[in-house]
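Chain identifiers are assigned alphabetically (A, B, ...) following the order of the sequence lines, protein sequences preceding nucleic acid strands; residue numbering begins at 1 within each chain. Because only heavy atoms are used, hydrogens play no part in the values below, and waters and symmetry mates are left out as well, while side chains stay in.
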Amino acid sequence: MTIPFHTLGQRHLVYAYCVVWLFQFGYGIWLAVQWRKTRR
Amino acid sequence: MVNDTSKATASRSGWGLLWLALTLAVLAVGFYHAMTAPTEATMGNLYRVFFYHFPHTILSFLFPYLNCGASLLYLFWRGSSRERALKADAFAVASAEVTVLYASVGLATGMLWARAAWGIWWTWDARLTTYLLLWLLYVSYLLLRSFSAAGQTAVVSAVLAIFAAIDIPICYMSIRWWRTQHPAPVFGGGADSGIDPSMYPAVWWNLVGWTMWGAFVLGLRYAIERRRQRQDAADALAYLGEPQEAR
């Protein structure tokens, strides 16, 4: 199974994908940190 | 008793991790389908933003209703059952935060798509304006919760949540009521709406994946808020238990 990365050949498309992953997983990591902080 | 509580917490964490693993697997399949879906005739590869813009926007219309429902329950229970009211309040905070997260991604991906497709970052179109209003309402909800020092913060924010939810149907229907810059609905928008069936896997895998991710972050944020509530209650009790001269 190969992923055709050439379909990402648009600058704004790449930015949009980066926004999605950064926002979502950034928030996920922040939650994980809060989870550890609030542990008794 | 303590042993039972820690066993229950460990069991919930185990299920949470399993859910997270499953979610990441679904998102990976969604990513693969988003990359391999056929190229669109007019926009080329740029249309692939849709596979992320669509689920985030749809889900940012769903989470505010959870926030509104939890706020109503908070107002209903606050006089009769304190524990239930606190749970509802924790759920309201969690759902508002996830709403802002999903709406931020919806806005950002929409603006990037607009810049490439229309040549502009922003226009005061009906959908964009009502969507920005939605984002601002939930950001103000979170700011109110963060900076309000009054004892009635939960009540005031619950009332705000009920009013904020009024924007959701207006925003959702805006592309049906007013034909401005934003395209007509892709699904359920009449005879000419829809996409090629070969693009369905990318749409549905991503919709399911981001729904699962939303449920995961919502559950985790709720659990964190419940911990904070218990910590606050313990701190208050400890303060009351201290001798007067020690304060």
B/His56 versus chain A, heavy atoms under 4.5 Å apart: side chain, backbone, both or neither?
side chain
Pair A/Trp21-A/Tyr27, ring-ring contact (aromatic ring centres under 6.0 Å, His included): steps then yes or no
CA-CA 10 Å; A/Trp21 302 110; A/Tyr27 181 68; over 10 Å; no
Using the ring of each side chain (for Trp, its six-membered ring), is B/Tyr172 parallel, tilted or perpendicular to B/Phe61, with breaks at 30° and 60°?
perpendicular
Give, as side chain, backbone, both or neither, the part of A/Phe23 having an atom under 4.5 angstrom from any heavy atom of chain B.
both
Establish, for the pair B/Arg221 and A/Trp35, whether the NZ or CZ atom is under 6.0 angstrom from the six-membered ring centre and no further than 45 degrees off its axis.
no
Winner by heavy-atom pair count (cut-off under 4.5 Å) against chain B, out of A/Arg11, A/His6, A/Gln10, A/His12:
A/His12
Given a strict heavy-atom distance threshold of 4.5 Å, which part of A/Phe5 is in contact with chain B: side chain, backbone, both, or neither?
both
Which region of B/Ala34, side chain (C-beta onward) or backbone (N, CA, C, O), has a non-hydrogen atom less than 4.5 Å from a non-hydrogen atom of chain A, or is it both or neither?
both
Search all heavy atoms of B/Tyr74 against all heavy atoms of B/Ala85 and return the closest pair with its distance.
CD1-O, 3.1 Å
Quick one: of B/Phe31, B/Tyr102, B/Trp213, who has the most non-hydrogen atom pairs under 4.5 Å with chain A?
B/Trp213
Evaluate side-chain hydrogen bond (donor to acceptor under 3.5 Å, both in side chains) for B/Gln229 paired with B/Arg226, printing each intermediate quantity in order.
CA-CA 5 Å; B/Gln229 287 176 345; B/Arg226 290 290 293 150; 2.7 Å; yes
Parallel, tilted or perpendicular: ring planes of B/Trp124 versus B/Trp122, cut at 30 and 60 degrees
perpendicular
Relative to chain A, which segment of B/Leu107 carries a heavy atom at a distance below 4.5 Å: side chain, backbone, both, or neither?
neither
Whatever's closer than 4.5 Å to a heavy atom in chain A on B/Ala37 counts as neither
Between CG of B/Asn67 and OG of B/Ser95, what distance do you get to the nearest 0.5 Å?
4.0 Å
As an exercise: rank B/Tyr47, B/Trp210, B/Phe216, B/Phe51 by heavy-atom pairs under 4.5 Å with chain A and give me the winner.
B/Trp210
